[in-house]
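No hydrogens, no waters, no symmetry mates; every other heavy atom, side chains included, goes into these values. A, B, ... follow the sequence lines: proteins, then strands. Residue 1 opens every chain.
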Number of protein chains: 2
Amino acid sequence: MSNDVVNTKNSITDAGEVAPPDRCKSCRLRALDAFRNADTAEAKFIEGQRRERECFERGDVIVHEHERAKFIRTIYSGWAFRFKTLSDGRRQVLNFLLPGDIVGLQEQFSDASLHGVEALTSLSTCSFQPNTLWDMFGQHSRLAFGVTWIAAREEALIDENLLSVGRRSATERIGALYLHLYRRMRQLRLVDSQGWFECPITQTHIADALGLSLVHTQRSLRQLKKLGLYTRDNGKLRIENPRALERIAEYYEQPPRQMPLI
Amino acid sequence: MSNDVVNTKNSITDAGEVAPPDRCKSCRLRALDAFRNADTAEAKFIEGQRRERECFERGDVIVHEHERAKFIRTIYSGWAFRFKTLSDGRRQVLNFLLPGDIVGLQEQFSDASLHGVEALTSLSTCSFQPNTLWDMFGQHSRLAFGVTWIAAREEALIDENLLSVGRRSATERIGALYLHLYRRMRQLRLVDSQGWFECPITQTHIADALGLSLVHTQRSLRQLKKLGLYTRDNGKLRIENPRALERIAEYYEQPPRQMPLI
DNA sequence: CGGGCCATTGACAGTCCTCAAACCGGGTGG
DNA sequence: CCACCCGGTTTGAGGACTGTCAATGGCCCG
């Protein structure tokens, strides 16, 4: 393949992948309002700033907690998650990262990353030059606006998770999380016609994301399954009755986010 | 006073306040790295976009949940908080807003606000023209970069709160919250030489911010007080032994955030 | 003096956690 | 081919942390 694939200890080549600019065209970022209407100059800028393609395997740590993060990345395919840990090992998953999400935006503004990022699946990312963000703000304000849009969207998403962890019961939390993942995957057109989508998270991840113990997560999960609200099969998840789950989880769909000014 | 003070049902005039541009000069936003070095053109832009000064009283709702937020604001003086509620009334405080914080940034990117904002004290804000953010991105990239910096900082702060609510015990959570507020107020130079600072939050606010019940918050609070870790007096708070509190709360100070590229 | 807001305390219940062990499917090596 | 290990799931038992219900006291104010 092209020479922009990095082969470190943590990287693999992925023969099935496409090279830019086709890769940029099929990037899930394009599915978001923020970058749907990028013009050619903007696309050229992005492609020019692209540094290399990096691949990771499940379990690889992409960004280490408290370490300086080198550059900004976008997720081309695969899942990851952000997390923080306490000194005695307790871990909190902050949110899950899906294709089209940006990794390392927060870190552009501080010396060290205040959270870690770990791959949940085989992961393919694009990384960018260190000064990309700064240059983008100076030269392509629409793109910069889009990046800030992405940041605001991620914050809204963490707000929702905080509401869950703070005020929802265990089963409500799980229901809300499953609905949330379902909706995001649907938005990315990664839910098939049968309603199935890839969901590579284990019960441990759910527990860490929702502030629960593993054992209690398992019991709450079983309860929801007994109610017939979801089915899992071989790493795939299907929400059987979104409406019912919404009521149980106290988590109703919100109008899609828009880019009012573009 | 000048005619840019709004007098609605929820507003008061505040005779002790200053008018722009002095008001801009003393704005706490200037205390943040992001805007410390603003040049005259940038300052002029900000002053030109300033719409009016709005004042609120404790308990006033500045932004209603699920309603369209009109414009972006900055907090000149006073405290507020962001929150979300569930349909049955359970409430989660997402974070506290202090002088220099921006209100309504997230809402610039969506049709409706996904959280509410309520004043905790008499509050003085500056509001801006609807298109201010967009114009800023187009004309003053350094300011735009600063705004995104603020957004990233707020997200990091919510991350920390999520870690608390998800993984810290009740006393740890309270300790971490008190330390957090202490550090932020210190950064704003709002801690006096004796270590005292205004802290207008009630036990109910603490409970709602930390995902605890009011009663249990009270008991955990009493426990920390018995250990001599903090003192409260007439709406003021003093952290008696930050180091000890850090250990109890598992919440250690992180290096200050910087603006690497400016 | 009554009412409202907030802090405080007691009693009790229950959600949720910890410790422990078993089970299951898949991969590995003898 | 089978024993063994491993990550992940499942189940049981007991206890702890945290929530709910209820009531009291202090303070401010009309």
Any residue of residues 168-177 of chain B with a heavy atom less than 4.0 Å from an atom of DNA chain D
B/Ser169, B/Ala170

What parts of residues 209-226 of chain B reach DNA chain D, counting only heavy atoms under 4.0 Å away?
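Those residues are B/Gly211, B/Leu212, B/Ser213, B/Val215, B/His216.
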
Trace of the salt bridge (Lys or Arg N to Asp or Glu O under 4.0 Å) decision for A/Arg73 with A/Glu54
CA-CA 9 Å; A/Arg73 293 184 181 88; A/Glu54 287 176 292; 2.7 Å; yes

Should the pair B/Arg82-A/Glu155 be classified as a salt bridge under the 4.0 Å nitrogen-to-oxygen rule?
yes

Donor-acceptor check, side chain of A/Arg247 to backbone of A/Pro242, threshold 3.5 angstrom: yes or no?
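Not at all, since once roles are kept as given, no pair shorter than 3.5 Å links the two residues.
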
State whether the side chain of B/Lys84 and the backbone N or O of B/Gly116 hold a donor-acceptor pair below 3.5 Å, judged by distance alone.
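Judged by distance alone, no pair lies under 3.5 Å.
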
Does B/Arg58 reach a base, just sugar-phosphate, or nothing at all? Heavy atoms under 4.0 Å.
sugar-phosphate

Would you kindly say whether A/Asp159 and B/Gln92 are connected by a side-chain donor-acceptor distance under 3.5 Å?
no

Where at least one partner belongs to residues 167-191 of chain B, residue pairs that pass salt bridge (charged side-chain N to carboxylate O under 4.0 Å, His left out), sequence neighbours excluded:
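Applying salt bridge (charged side-chain N to carboxylate O under 4.0 Å, His left out) to every pair that reaches into residues 167-191 of chain B, excluding sequence neighbours, yields A/Arg90-B/Glu172, A/Asp208-B/Arg167, B/Asp101-B/Arg184, B/Glu160-B/Arg168, B/Arg183-B/Glu246, B/Arg183-B/Glu253, B/Arg186-B/Glu253.
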
Taking side-chain hydrogen bond (donor to acceptor under 3.5 Å, both in side chains) as the cut-off, I'd like each qualifying pair that reaches into residues 212-224 of chain B, sequence neighbours left out, listed once.
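The answer is B/Gln203-B/Gln218.
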
In the 5'-to-3' direction, what one-character label does each nucleotide of nucleotides 24-30 of chain D receive under the scheme B = base within less than 4.0 Å of a protein heavy atom, S = sugar-phosphate only, - = no such atom?
-------

I want to confirm an ordering. Mapping A/His205 and A/Arg167 to their closest nucleotides on DNA chain D, which one lands closer to the 5' end?
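Upstream on the strand: A/His205.
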
In degrees rounded to 10°, what angle is found between the helical axes fit to the five outermost pairs at each end of the helix from C/dC1-D/dG30 to C/dG30-D/dC1?
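Angle reported: 20°, given to the nearest ten degrees.
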
For chain B and DNA chain C, what are the first and last nucleotides along the strand, 5' to 3', with at least one atom under 4.0 angstrom from a heavy atom of the protein chain?
C/dC6 to C/dA11

[X]: which residues meet the side chain to side chain donor-acceptor pair (under 3.5 Å) condition with it, sequence neighbours left out?
{"X": "B/Glu240", "answer": "B/Thr231, B/Arg238"}
{"X": "A/Thr121", "answer": "none"}
{"X": "B/Ser193", "answer": "none"}

Just to verify, what does A/Tyr178 make a ring-ring contact (aromatic ring centres under 6.0 Å, His included) with, not counting sequence neighbours?
A/Tyr230

Under the ring-ring contact (aromatic ring centres under 6.0 Å, His included) test, which residues partner A/His180, sequence neighbours left out?
none

Would you call the rings of B/Phe81 and B/Phe96 parallel, tilted or perpendicular, where under 30° means parallel and over 60° means perpendicular?
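Answer is perpendicular, since the angle exceeds 60°.
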
Audit row: A/Ser87, B/Tyr252, side chain to side chain donor-acceptor pair (under 3.5 Å) steps and yes/no:
CA-CA 10 Å; A/Ser87 56; B/Tyr252 302 96; 4.9 Å; no

Would you say the rings of A/Phe83 and A/His115 are close, in the sense that their centroids are separated by under 6.0 Å?
no

